[in-house]
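Read through the structure below, which is laid out as structure tokens, and then see the notes.
Below, each value reflects all heavy atoms present in this structure, side chains not excepted, and no hydrogens, waters or symmetry copies. Here, residue 1 is the first one in the sequence, and each next residue gets the next number.
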Amino acid sequence: MPIANVHRAIYAALNSSGVTICNGIRTAGTATPVAVYDLTSAEISVSLNGVSGNNVWVIGLQVVCVADTLEDVCITVDDIVDAIDANYTDTGEAVKIVITQFAVAFSTENIDDGQHDAERVGTITITLQAQEY
């Protein structure tokens, strides 16, 4: 199963959260709350020849949730996790995604515009398994 299929399935899972999703960097002018994600690693376990079973990708995913308040960050984090926590299945890509590890850390962005309204950040680190079905 190509990594492109896995990436599209992960994007679809994140997008199903209802949160505005960006890849890599926050698109200029995007209103908060917003989530910016990156695949940080991808490793595949390949089945042996003659042994039934589909290959499994182990994916490292980082999602940075940005909002104006801590409450909005928490809601955004919950929305992201809820979207992929229920063993998300992407029928278009024929990929099933399962969370195997989850962590979140909260912080505040550096004030960069001279105002005292720094945005709040929740950085989610997730390990997923993705398998073709």
Side-chain angles (χ1 to χ4, degrees):
M1 168 179 48
I3 189 66
N5 293 36
V6 173
H7 182 261
R8 285 189 294 267
I10 290 169
Y11 175 79
L14 294 171
N15 201 41
S16 74
S17 69
V19 175
T20 301
I21 304 295
C22 298
N23 177 251
I25 60 170
R26 180 176 166 189
T27 306
T30 302
T32 57
V34 62
V36 180
Y37 79 99
D38 279 302
L39 272 65
T40 57
S41 64
E43 179 181 321
I44 192 166
S45 299
V46 180
S47 298
L48 297 172
N49 287 336
V51 177
S52 63
N54 293 331
N55 298 337
V56 176
W57 283 94
V58 177
I59 304 293
L61 179 67
Q62 179 174 291
V63 182
V64 178
C65 300
V66 181
D68 295 328
T69 67
L70 179 58
E71 179 69 20
D72 287 342
V73 166
C74 289
I75 291 168
T76 304
V77 168
D78 288 341
D79 289 346
I80 293 292
V81 173
D82 289 347
I84 55 178
D85 191 35
N87 299 332
Y88 182 84
T89 301
D90 186 312
T91 55
E93 299 301 328
V95 175
K96 183 172 184 155
I97 297 170
V98 177
I99 293 177
T100 59
Q101 290 182 314
F102 169 87
V104 63
F106 295 95
S107 61
T108 304
E109 281 191 342
N110 292 329
I111 299 172
D112 61 357
D113 59 3
Q115 299 181 23
H116 299 286
D117 62 347
E119 294 163 325
R120 302 320 189 250
V121 177
T123 302
I124 306 170
T125 305
I126 301 173
T127 302
L128 302 169
Q129 287 184 349
Q131 183 176 29
E132 186 175 25
Y133 69 93

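Taking both residues in full, the closest heavy atoms of Y37 and H7 are given as OH-NE2, 3.0 Å, listed atom of the first, atom of the second, then distance. For V36 against N23, the heavy-atom pair with the smallest separation is CG1-C, 4.5 Å. Minimum interatomic distance between V73 and G122 (heavy atoms only, all atoms of both residues): CG1-N, 3.4 Å. V6 and A130 make their closest contact through CG1-CB, 3.8 Å (heavy atoms, listed as atom of the first residue, atom of the second, distance). Across all their heavy atoms, T40 and L61 have their closest contact at OG1-N, 3.7 Å. Of all heavy-atom pairs between A12 and D90, the closest is CB-OD2, 3.4 Å.
V63 and V34 fall into different hydrophobic clusters, defined by Ile, Leu, Val, Met, Phe, Trp and Tyr side-chain heavy atoms under 4.5 Å apart, directly or through other members. I3 and I10 fall within the same hydrophobic cluster, defined by Ile, Leu, Val, Met, Phe, Trp and Tyr side-chain heavy atoms under 4.5 Å apart, directly or through other members. Residues V66 and I124 do not share a hydrophobic cluster, clusters being chains of Ile/Leu/Val/Met/Phe/Trp/Tyr side chains in contact below 4.5 Å. Residue I59 is not grouped with residue V56 when hydrophobic side chains (ILVMFWY) are merged at heavy-atom distances under 4.5 angstrom, including chains of intermediate members. Residues Y11 and L128 share a hydrophobic cluster, clusters being chains of Ile/Leu/Val/Met/Phe/Trp/Tyr side chains in contact below 4.5 Å.
Distance check, rounded to the nearest 0.5 Å: CG of D82 to OG of S16 gives 10.0 Å. Taken from SG in C65 to CD in E119, the straight-line distance is 12.5 Å, to the nearest 0.5 Å. If you take CD1 on I25 and CG on D38, they are separated by 10.0 Å, rounding to the nearest 0.5 Å. The CZ atom of F102 lies 11.5 Å from the OG1 atom of T127; values are rounded to the nearest 0.5 Å. Of the inter-residue distances, the one linking I21 atom CD1 with T27 atom OG1 reads 11.0 Å to the nearest 0.5 angstrom. Here the CD1-CD1 distance, from I97 to I84, works out to 7.0 Å after rounding to the nearest 0.5 Å.
The shortest distance between side-chain heavy atoms of Q131 and V98 does not fall below 4.5 Å. At least one side-chain heavy atom of L14 sits under 4.5 Å from a side-chain heavy atom of I80. A 4.5 Å side-chain heavy-atom check between N55 and W57 finds every atom pair outside the cut-off. Taking 4.5 Å as the limit, some side-chain heavy atom of Y133 sits within range of a side-chain heavy atom of T91.
Remark: side-chain polar atoms of S17 are not paired, donor with acceptor, to backbone N or O of A83 under 3.5 angstrom.
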_Between T32 and R26, does the side-chain contact (heavy atoms from CB on, under 4.5 Å) criterion hold? Intermediate values first, please._
CA-CA 10 Å; T32 57; R26 180 176 166 189; 3.4 Å; yes

